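Everything quoted here is computed from the prediction, not taken from an experiment.
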Number of protein chains: 2
Amino acid sequence: MTTARSKSGNPKRDGKAGNLRTEQKAQTRALILQCALEVFAERGFDGASVRDIAGFAGVNHGLIRYHFADKDGLWKAAVEFLFNRLHEEMAAPPEDAKLAPLEQTKSWIRRYVRYCARHPEHARIMVQESIRDSDRLRWAVKRFIKPDNEETRRRFRRLVEEGVYPDIPEHSFNYIITAAAQSMFMLANEMKYIYGLDVASDDVVDAHAEAIITLLFDHRARRAAVRRPKS
Amino acid sequence: MTTARSKSGNPKRDGKAGNLRTEQKAQTRALILQCALEVFAERGFDGASVRDIAGFAGVNHGLIRYHFADKDGLWKAAVEFLFNRLHEEMAAPPEDAKLAPLEQTKSWIRRYVRYCARHPEHARIMVQESIRDSDRLRWAVKRFIKPDNEETRRRFRRLVEEGVYPDIPEHSFNYIITAAAQSMFMLANEMKYIYGLDVASDDVVDAHAEAIITLLFDHRARRAAVRRPKS
DNA sequence: CTAGCTGCTATTCAATTGGATAACCAAATT
DNA sequence: AATTTGGTTATCCAATTGAATAGCAGCTAG
């Protein structure tokens, strides 16, 4: 990867932000954040050096202290960005409201698998942090993960109450579903070496979403599938 | 955690190894390996310092160079130990041979989930390494992961050919199953903070295995379960 | 047009790290 | 008993790291 910033970034005043310097500042901040996401995801909090992140963004490493106080602040800002983007990109389309709960869940799975494929950094960062049991993990759980989780829980409980889903433990449901969606993209490198397969392809992504739905959410389709073995 | 080695470890000659020094040496090596597994799992390759590992084992850090040449050698020795133990502990009991393929697979799932619960270091080490795309990953894939994977593949293909399982992509099957089994234990810290649940309990482990089987391998049980919603 | 604020850079510092070397000393060999 | 071997320790070294500080340059306000 090459450095991401050209010396002559001269944005004039196209945004409504008015002031040239504050606009420039916001841009720089966003750039550092982007690079921090990639580097944190690839090397973990300890493995990522602020110098690498700065170098990758093409800025002086002192700037990180200026914008984010310290490495911890940078990490939290990056994770905050990550979850905000998640919520934006995972918003259900309005027409989903008319669907039955199980169909809504399938739609949610498709969106989530595509999100995982598009942004593998998310799972990579959070898994590494979760393994380490840091203050950062507690912060992220309280602030983002647990609230998001409540939603998944409600979704699951509704399926069970409607009698369209087996009543397994909530936490098992949660980890089975999310891990099934994330893992292939989180472990894209491994998969590359095992299967020689690049996960970038839309076909692979969509087929994976459908596989999850077939195995975990679609009784009828599944029974049909297993009754008609290939050739 | 405290240091793991007492100064007065005096093993006499109880093993058949004969020579006192070589026996002592093997013990020290094994001790370092154990500690390396834990520290590598918790902090990743870069985050783990050989000094921490040595300190944790209660030995001088120079010893690691003597026994394993360098940090890379230590990591590979630890991973080799890890996979050898996996193969030992995952061996199918002889009576499994009489079962139908689907039942064999369920038995395999139960064994694997218990293994993941007993040794969460395994998934933790390998996931972190896979995220980073290192030489070590390529080494481990070629030497351990890919061969193990071939077996899972064969198991899956047999189920499909017998018409008892839907014909999804092999790599999707692989990542869905293994991730479903590993993730809860790999992410035990996160789960602790979200659910206040300790994964150490056998009940949680066995229930998770059964949940996976219900969702992914047991059509009849699943249909029965969804037909009788709780109260 | 000028003064000063501010986004940014250059440099320094102490701590930690992987690795290398030499000395040590108990066990093994003679 | 004397000597060699080899597992272990103590120390040193260069590189990297997070953080801190001082200073610069150009936009902005007056």
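- B:Phe68 has its CZ atom 14 Å from the P atom of C:dG19, to the nearest Å.
- Using modelled atom types and a 3.5 Å distance limit, the side chains of B:Asp52 and B:His61 yield no donor-acceptor pair.
- Checked against side-chain hydrogen bond (donor to acceptor under 3.5 Å, both in side chains), B:Ser172 has the following partners two or more places apart in sequence or in another chain: A:His208.
- Under the rule for a side-chain contact (heavy atoms from CB on, under 4.5 Å), the partners of A:Glu150 that lie at least two apart in sequence or sit in another chain are A:Lys146, A:Arg153, A:Arg154.
- Between the CG atom of A:Leu63 and the C1' atom of D:dA25 there is a distance of 14 Å, given to the nearest Å.
- The CD atom of A:Gln24 sits 10 Å away from the C1' atom of C:dC8 (whole-angstrom rounding).
- Nucleotide D:dT28 holds its P atom 13 Å from the NZ atom of A:Lys25, rounded to whole Å.
- Atom CD1 of B:Ile64 is separated from atom P of C:dG18 by 9 Å (rounded to the nearest Å).
- Applying the salt bridge (charged side-chain N to carboxylate O under 4.0 Å, His left out) criterion to A:Glu80, with sequence neighbours excluded, gives A:Arg143.
- Listed by chain and number, the residues in a salt bridge (charged side-chain N to carboxylate O under 4.0 Å, His left out) with B:Glu129 are B:Arg136 (sequence neighbours excluded).
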Report, as a single string ordered 5' to 3', how protein heavy atoms within less than 4.0 Å touch nucleotides 15-23 of chain D: B base, S sugar-phosphate only, - not at all.
-> --BBBBB--

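- Rounding to whole angstrom units, CD1 of residue B:Ile53 and P of C:dT16 are separated by 17 Å.
- The nucleotide whose nearest atom lies closest to any side-chain atom of B:Asn60 is, among C:dA10, D:dA10, D:dT8, D:dA10.
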Quick one: side chains of residues 29-36 of chain B, donor-acceptor pairs under 3.5 Å with protein atoms, not counting sequence neighbours, listed by atom name and distance.
none

